[in-house]
Amino acid sequence: MLRDDIAALLTVALRKAQKRGDLPKFSPPAIAVEHPKDPSFGDYTTNVAMQSARLARMAPVKIADAIVQNLAPAAYVGKVDVVPPGFINITLADDWLSQQVAVIRQDGERWGNIDKGGGRKVQVEYVSANPTGPLHFGGARNAVLGDTLANLLAAAGYKVQREYYVNDAGLQIRKFGESLLARYGQALGQEATLPEDGYHGAYLQEWAGEIVRAEGNHYLSMPREEAISVLTAWGIRRTLRDLERDLAALGVHFDRWFSEKSLYEDGTFGEVMNLLRSRGFLHEKDGAVWLTATALGGAKDEVVIRSNGTPGYFASDIAYHYDKFIRRGFDWVIDVWAVDHQGHVPRMKTALQALGVDPKRLTVVLYDMVKLLRNGQEVKLSKRSGDIVTLAEVVAEVGKDAVRFMLLTRGNEATIEFDLDLAVRESSENPVYYVQYAHARIASIFRKAQEDGWTIASDANLSLLVHPAELHLVRHLLMLPEVVDLAVTRLQPHHLTYYARDLAAAFHQFYRDCQVLDRQNEALSQARLQLVAATKQVLAQVLALMGMSAPERM
RNA sequence: GCCCCCAUAGCUCAGCGGAUAGAGCAGCGGACUUCUAAUCCGUCGGUCGCAGGUUCGAGUCCUGCUGGGGGCGCCA
């Protein structure tokens, strides 16, 4: 990555300055290279001279001068300035910039990939909503965030596994099954009441009707427990089928759907309890089994197995993470959770310690809520009330690309206001289509080129690209690896949306200033065709990272 | 009561301890006989919630306060 190259160049220069006695001996801070806010200061800047002032007991500007004087020549460096109070500003060389078009074209789909992961195994677990009904729109943010993080990690050189944890065991599932049986009985004219805190959604009535039509009334003659068991399994299968379909419509796919129930069936749960017990982190109190979290610095002990003998969700989660880390050996696990699960994070970390797993290997990405607006009014996303807004409905209404883009434009910790009316509007108020339009515009240039009989030369003279708008565009193409690095380092995919917008803007400005196809100047046209091809490729790449399509025409 | 997140332009939000705090939208004014005007250009718009502190330098870090959201369960 260019930024790293520059940091290395500066580091070498600083050492050389020390060796030659231009600078005193001191152990220099890590050199931070960034883009100055004001482009008139150049492409890259570092404050290392100011950082070193105290250590070197020298004026920052003097330090900067000494570093600059010992800078080895590099093709990409066009101009170096030392500016008070001690910034070193680097401007890229025009001729080097124009040649990068060929490099980007040559890298193709690999452009933007970085080797941060070094092939380490990372699992991203996301969505994981209870399989008790359709996914409501709040879950869309989880899906888009997790999926995009997985895309980014893959681009950053990690070996990524995408997983959905299916909570097909426990109390909620029990209530789900009881609710479905009650609806089934009602569908057959029986007096049946839903359990307390049961599932009241209308979809269960529909499903009960389906079961009656397909299989008649014979579940009524079955023992109740057996009927619940069969109907629960039916309901989960049905839910998962719909979930998979609805998530696919959003462009979200999983490598594995992991069953919570399987942890109990294959002995994992028992194994984990034995391990915890042998390590001395379980104790009994009030008839329940507790994790002795306080022994590991936790605020309070946590119930693992209730006094009625049933394991709680925390019990499953411990076993599940044991499976992730110890059995499957992921180097790093990322769980994507809504903020209302924040209290569970320290608990989970403590549980990992109890298992002997370094808690740093688990990162929980928390994201805030989505506020859905229609006609300027907030639509409540509660499961209780009848007006639940499902993911499928919103995707059908506004489209996959708009949903993904809008859910990605905010930092994870910011609440998102999702305006349904704005999302469907195809106007300048809607930021979604801006990036795609740039891609389509470029496609249009190539269509025109073909119509007009241009043959695209592979050996274009790129040094003809000297217009400020051309070089400005190249500069943006060059930033993709840095953006991937930033988004992965912070696990904040919203940086992609801002980059995509900036890149598209750089293209639209170029488009205004520079005619690509010009019979009066075919050599320049060929160079611009290469530039525009590189831009199309990078736009497609960033759209792909966001899980959006790159349309050829709009 | 304790813990976490948020507070930046009219609105929605970016902002990596650096230089004159940015973008989109909205408002106002311009640009299509041209490779797509879903575009571009100009302009208006700020006590970065408040008060201290650390620092050569704070929207950014620390402390306190105010306001909003979330959490503190043998629910998930």
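Residue numbers begin at 1 in each chain, while the letters A, B, ... track the order of the sequences.
- Comparing A/Arg447 and A/Asn89 against RNA chain B, the residue whose closest nucleotide sits nearer the 5' end is A/Asn89.
- Residue contacts for A/Asp502: at a heavy-atom cut-off of 4.0 Å it reaches no nucleic acid atom on any strand shown.
- Centre separation under 5.5 Å together with a plane angle under 30° does not hold for the ring of A/Tyr498 and the six-membered base ring of B/A23, so they are not marked as stacked.
- Stacking between A/Phe87 and the base of B/A19 is present: ring centres sit under 5.5 Å apart and the planes differ by under 30 degrees.
- One can place OH of A/Tyr511 at 10 Å from P of B/A38, the figure rounded to the nearest angstrom.
- Around atom CD of A/Glu522, more than 12 heavy atoms belonging to other residues, nucleotides or ligands sit under 6.0 Å away.
- Between the side chain of A/Tyr437 and the base of B/A38, no donor-acceptor pair of N or O atoms lies under 3.5 Å.
- Under the Watson-Crick or G-U wobble criterion, with both distances below 3.5 Å, B/U34 has no partner in any strand shown.
- Put simply, CZ on A/Arg441 is 15 Å from P on B/C32, counting in whole angstrom units.
- Toward the 5' end of RNA chain B, the nearer of the two residues A/Gly411 and A/Gln515, judged by each one's closest nucleotide, is A/Gly411.
- By the neighbour-count criterion of 12 heavy atoms within 6.0 Å, atom CZ of A/Arg519 is densely surrounded, having more than that number from other residues, nucleotides or ligands.
- In this structure, the CG atom of A/Asp340 is 16 Å from the C1' atom of B/C6, given to the nearest Å.
- At a threshold of 4.5 Å between non-hydrogen side-chain atoms, the residues A/Glu125 and A/Lys324 count as touching.
- Atom CE in A/Met50 sits about 8 Å away from atom C1' in B/A19, given to the nearest Å.
- Aromatic rings of A/Phe137 and A/Phe418 (six-membered ring for Trp) have centroids within the 6.0 Å cut-off, being under it.
- With a cut-off of 3.5 Å on both pairing distances, the Watson-Crick or G-U wobble partner of B/G18 is B/C56.
- Remark: the A/Thr45 side chain and the B/A19 base include a donor-acceptor N/O pair separated by less than 3.5 Å.
- Nucleic acid contact for A/Gln172: sugar-phosphate only, since backbone atoms but no base atoms lie under 4.0 Å from a heavy atom of the residue.
- For the side-chain hydrogen bond (donor to acceptor under 3.5 Å, both in side chains) test with A/Thr292, the passing option among A/Lys285, A/His283, A/Glu302 is A/His283; the others fail.
- Base contact: A/Val516 has a heavy atom under 4.0 Å from a base atom.
- Residue A/Arg54 is in sugar-phosphate contact alone, with no base atom involved, counting any heavy-atom pair closer than 4.0 Å across all strands shown.
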